[in-house]
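Computed over heavy atoms, backbone and side chain alike; hydrogens, waters and symmetry mates excluded. Proteins get letters first, then strands, A, B, ... in listed order; numbering begins at 1 in each.
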Protein chains: 2
Amino acid sequence: MHTPNDDRATTKRTLGQYLAGIRMDRKMSLRAVEEATNKQVSNAYLSQIENDKIQQPSPNILHALSELYAISFENLMEMAGYLMGTAGRSDTERHGRIATFAEHNLTADEETEMLQYLQFMRNRKKPGDKT
Amino acid sequence: MHTPNDDRATTKRTLGQYLAGIRMDRKMSLRAVEEATNKQVSNAYLSQIENDKIQQPSPNILHALSELYAISFENLMEMAGYLMGTAGRSDTERHGRIATFAEHNLTADEETEMLQYLQFMRNRKKPGDKT
DNA sequence: TTCATTTGCTTGATATTCTTAGCGCGCTAT
DNA sequence: ATAGCGCGCTAAGAATATCAAGCAAATGAA
């Protein structure tokens, strides 16, 4: 079993770096996250978290982020240093990066909907559409 | 399916009452617990917890207690008000077919748009907040 | 009784999370 | 230029988890 951390040349990303990476992946601003999480995570606080100035964000915060980003909550908990294991869920299996979507940890429903959207997108391909 | 709740006619005890009950069940003193948990839970603090003077003990504390008492950690987490249910339990079984996307061979642009759509989808899925 | 120990508990201090307000930078448009 | 907006970030404070120390009451010897 490999470490739950990503590899990718960088030895070991901290929770902050991981979260920052994901957020940039999603192309969201700090304030966008604040909005999207319904103020559960203020932009200021998220900044502190991403810069590792907070040692252990509460599970609530982590959960909000995991939901928004659609990533593994338990993984975040582990990264934050919360010992999750003995109680029953030591699963936490991490698949390698199959695609960028691996990080998004889609639910079955989400995946279905994503596939539908993919079809739609490919049928309706527009030239030069850059948001 | 089945309520994650305990049995034992627990009715609706608070976390504190629950923990106090368990400790008396085990016939341990506050200081005995402090000892047994290797000072992870001080007797003073445990007293405050049992008397519901602490609103949300950290997962670490809860974990130490769950291990000592041999009770469910996640149950304690829930009692402490840590939302473990919103999107959690059932979708521990998500990943698995994300590989599907790999086979679709997304272009960079497609991937970007898919990510945006995911994000949109996630925001939409948000249940009504508690105003 | 008196002393020692142990009980649950409170108090005061410290550390940490998390919030609100605001700064300076880089844009874009007038 | 310059006014405005959104960006990431920080400073300062409020709230709260946690610890160390100590207290009164109960118990159990001697």
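Contacts between residues 41-50 of chain B and DNA chain D, defined by a heavy-atom separation under 4.0 Å, are made by B:Ser42, B:Ala44, B:Tyr45, B:Gln48.
Shown here for A:Ala80 and A:Leu62, the closest heavy-atom pair between the two residues is CB-CD1, 3.6 Å. Nearest heavy-atom pair, A:Val41 versus A:Leu65, reported as atom, atom and distance to 0.1 Å: CG2-CD2, 4.1 Å. Across all non-hydrogen atoms, the minimal contact from B:Arg26 to B:Tyr69 is NH2-O, 2.7 Å. Heavy atoms only, all atoms of each residue included: A:Pro57 and A:Tyr45 are closest at CA-OH, 4.0 Å.
Under the side chain to side chain contact (heavy atoms under 4.5 Å, CB included) criterion, B:Gln40 pairs with B:Thr37, B:Ala64, sequence neighbours left out. Partners of A:Ala44 under the side chain to side chain contact (heavy atoms under 4.5 Å, CB included) rule, at least two apart in sequence or in another chain, are A:Ser42.
With a cutoff of under 4.0 Å to any heavy atom of chain B, the contacted region of DNA chain C is bounded 5' to 3' by C:dT7 to C:dT10.
As rounded to whole Å, 11 Å separates atom P of D:dC9 from atom CZ of A:Arg31. Put simply, CD1 on A:Ile54 is 11 Å from C1' on D:dT10, counting in whole angstrom units.
Within the structure, the salt bridge (Lys or Arg N to Asp or Glu O under 4.0 Å) test picks out the following pairs touching residues 38-47 of chain B (sequence neighbours left out): B:Glu34-B:Lys39, B:Glu35-B:Lys39. Each salt bridge (Lys or Arg N to Asp or Glu O under 4.0 Å) pair with one or both residues in residues 49-59 of chain A, not counting sequence neighbours, appears once here: A:Arg23-A:Glu50.
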